[in-house]
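Worksheet: one structure, shown below.
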Amino acid sequence: MSAQHMPGAASGSVRRLVVLRHGRTAWNAEGRAQGHSDVELDAAGHAEAAAAAPWVARYRPVALWSSDLARARQTAAYVGKESGLDPVHDERLREFALGERTGLTNEEFAARFPEQAAALRDGRWDPLPGMETSEQLAARVSAALVDLAASIEPGETAVAVAHGGAIKVGVSALLGWSAETAQALRHPVNCGWALLEHETVDSGARWRLAAWNLSAPDPDFTSAGGVR
């Protein structure tokens, strides 16, 4: 982690959001699409959340919001324990509603819905019955993040615990990026986080992406190393 992204207080004119993905679930490990399914963390997910929470707490957050789904709530509980905050649960921070794709692996999805699977491989979203569109997801997640930022003062930091697709699409919407530009972002890892800054300048308010896909250091030094 570079010096400018080290945890600590935000600068005086900036509101800062740490947007954290939940820890791993058994469905993550199996490659199953979760959507709004209320899947809990597995043992690895609990370990990931416990490792990430002290790092997130070092940003000195004053507010903690979370998706109301179990995997996010459980992850937020670790952050709350380290930061002394009680999580506020907000269903707008949920993952994509995936409709008939829910519970399917990529292979099962391709076998049952080949046209939609081909569109997704091409970077296009062709919703199945019960699925949200990317635009619907972007609208609700970005609205929650805007409200969270508005709930704190300049110089303060808040944490939102959400889901991989929700974070990628919601953050891109806040930044005003097109769907094509958003595809350049790597999907957040479990318990990886983004760092967003909101600042009011002479030309108006603006959002900036200060860091993406940060994660707690690997205690066994088996990965590339350090916070990334």
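No experiment lies behind these values; they were computed from the predicted model shown. Heads up: numbering here begins at 1 and tracks the sequence.
- A donor-acceptor contact shorter than 3.5 Å is absent between the side chain of Gln34 and the backbone of Val39.
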Would you sort out whether Trp177 and Leu209 count as a side-chain contact (heavy atoms from CB on, under 4.5 Å), showing the intermediate values? CA-CA 11 Å; Trp177 292 357; Leu209 180 62; 3.9 Å; yes
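- Residues Thr157 and Ile152 fail the side-chain proximity criterion, which asks for heavy atoms closer than 4.5 Å.
- Residue Asp38 places its CG atom among more than 12 non-hydrogen atoms of other residues, nucleotides or ligands, all under 6.0 Å distant.
- Of the possible polar contacts, one joining the Lys168 side chain to the Leu185 backbone as a donor-acceptor pair under 3.5 Å is found.
- Annotation: side chain of Leu64 is not in contact with side chain of Asp86 (no heavy-atom distance under 4.5 Å).
- Nearest heavy atom pair, residue Leu93 against residue Ala160, reads CD1-CB, 4.3 Å.
- Side-chain contact check for Asn106 and Arg32: no donor-acceptor pair (N or O, by modelled atom type) lies under 3.5 Å.
- Heavy-atom minimum distance, Gly192 versus Ser215: CA-CB, 4.5 Å.
- A heavy-atom distance below 4.5 Å is not found between the side chains of Glu82 and Val56.
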Worked verdict on Asp90 versus Arg140 for side-chain contact (heavy atoms from CB on, under 4.5 Å): CA-CA 10 Å; Asp90 189 328; Arg140 66 171 169 83; over 6 Å; no
Full working for side-chain contact (heavy atoms from CB on, under 4.5 Å) between Leu196 and Leu174: CA-CA 10 Å; Leu196 291 168; Leu174 278 185; 4.0 Å; yes
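- Heavy-atom minimum distance, His198 versus Ala205: NE2-CB, 3.5 Å.
- Both Trp207 and Ile167 belong to a common hydrophobic cluster when Ile, Leu, Val, Met, Phe, Trp and Tyr are linked at side-chain heavy-atom distances under 4.5 angstrom.
- To the nearest 0.5 angstrom, Glu100 atom CD is 6.0 Å from Leu128 atom CG.
- Side chains of Glu95 and Ser67: a donor-acceptor N/O pair is absent below 3.5 angstrom, by distance only.
- The main-chain N or O of Arg16 is never found under 3.5 Å from a side-chain atom of Glu197 such that the two would form a donor-acceptor pair.
- Both Leu85 and Tyr59 belong to a common hydrophobic cluster when Ile, Leu, Val, Met, Phe, Trp and Tyr are linked at side-chain heavy-atom distances under 4.5 angstrom.
- Atoms CG and SG, from Leu214 and Cys191 in turn, are 12.5 Å apart once rounded to the nearest 0.5 Å.
- For the pair Trp193 and Trp55, the minimum side-chain heavy-atom distance is below 4.5 Å.
- Pairing each heavy atom of Gly165 with each of His187, the nearest pair is N-CE1, 3.4 Å.
- Residue Leu137 holds its CG atom at 11.5 Å from CE of Met131, rounded to the nearest 0.5 Å.
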side-chain contact (heavy atoms from CB on, under 4.5 Å) assessment of Val79 paired with Leu20: CA-CA 10 Å; Val79 178; Leu20 173 69; 3.8 Å; yes
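- By the criterion of side-chain heavy atoms lying less than 4.5 angstrom apart, applied directly or through intervening Ile, Leu, Val, Met, Phe, Trp or Tyr residues, Val88 is not grouped with Leu69; the two fall into different hydrophobic clusters.
- Of all the heavy atoms in Pro188 and Trp212, the pair that sits closest is CG-CZ2, 3.8 Å.
- Asp42 contributes atom CG, which lies 9.5 Å from atom CD of Glu30 (distance to the nearest 0.5 angstrom).
- When side chains are defined from C-beta on, Phe113 does not count as touching Arg101, because their heavy atoms never get closer than 4.5 Å.
- Contact record, Leu41 with Ala49: CD1-CB, 4.4 Å, taken as the closest heavy-atom pair.
- Taken together through direct or relayed side-chain contacts under 4.5 Å among Ile, Leu, Val, Met, Phe, Trp and Tyr, Leu17 and Val62 form parts of separate hydrophobic clusters.
- Using a 4.0 Å cut-off between a side-chain N of Lys or Arg and a carboxylate O of Asp or Glu, Glu199 and Arg206 qualify as a salt bridge.
- You'll find the side chain of Val161 stays beyond 4.5 Å of the side chain of Pro87, heavy atoms only.
- Here the side chains of Leu98 and His36 are not in contact, with every heavy-atom distance at 4.5 Å or above.
- Within the structure, the side-chain hydrogen bond (donor to acceptor under 3.5 Å, both in side chains) test picks out the following pairs touching residues 70-80 (sequence neighbours left out): His22-Arg71, His46-Tyr78, Arg71-His163.
- Between the OG1 atom of Thr102 and the CZ atom of Phe96 there is a distance of 12.0 Å, given to the nearest 0.5 Å.
- Using a 4.5 Å cut-off on side-chain heavy atoms (C-beta onward), Ser83 and Pro61 make contact.
- Clustering ILVMFWY residues whenever any of their side-chain heavy atoms sit less than 4.5 angstrom apart, transitively, puts Trp27 in a cluster other than the one holding Val189.
- Side-chain atoms of Gln183 never come within 3.5 Å of backbone atoms of Glu180 as a donor-acceptor pair (strictly under, hydrogens ignored).
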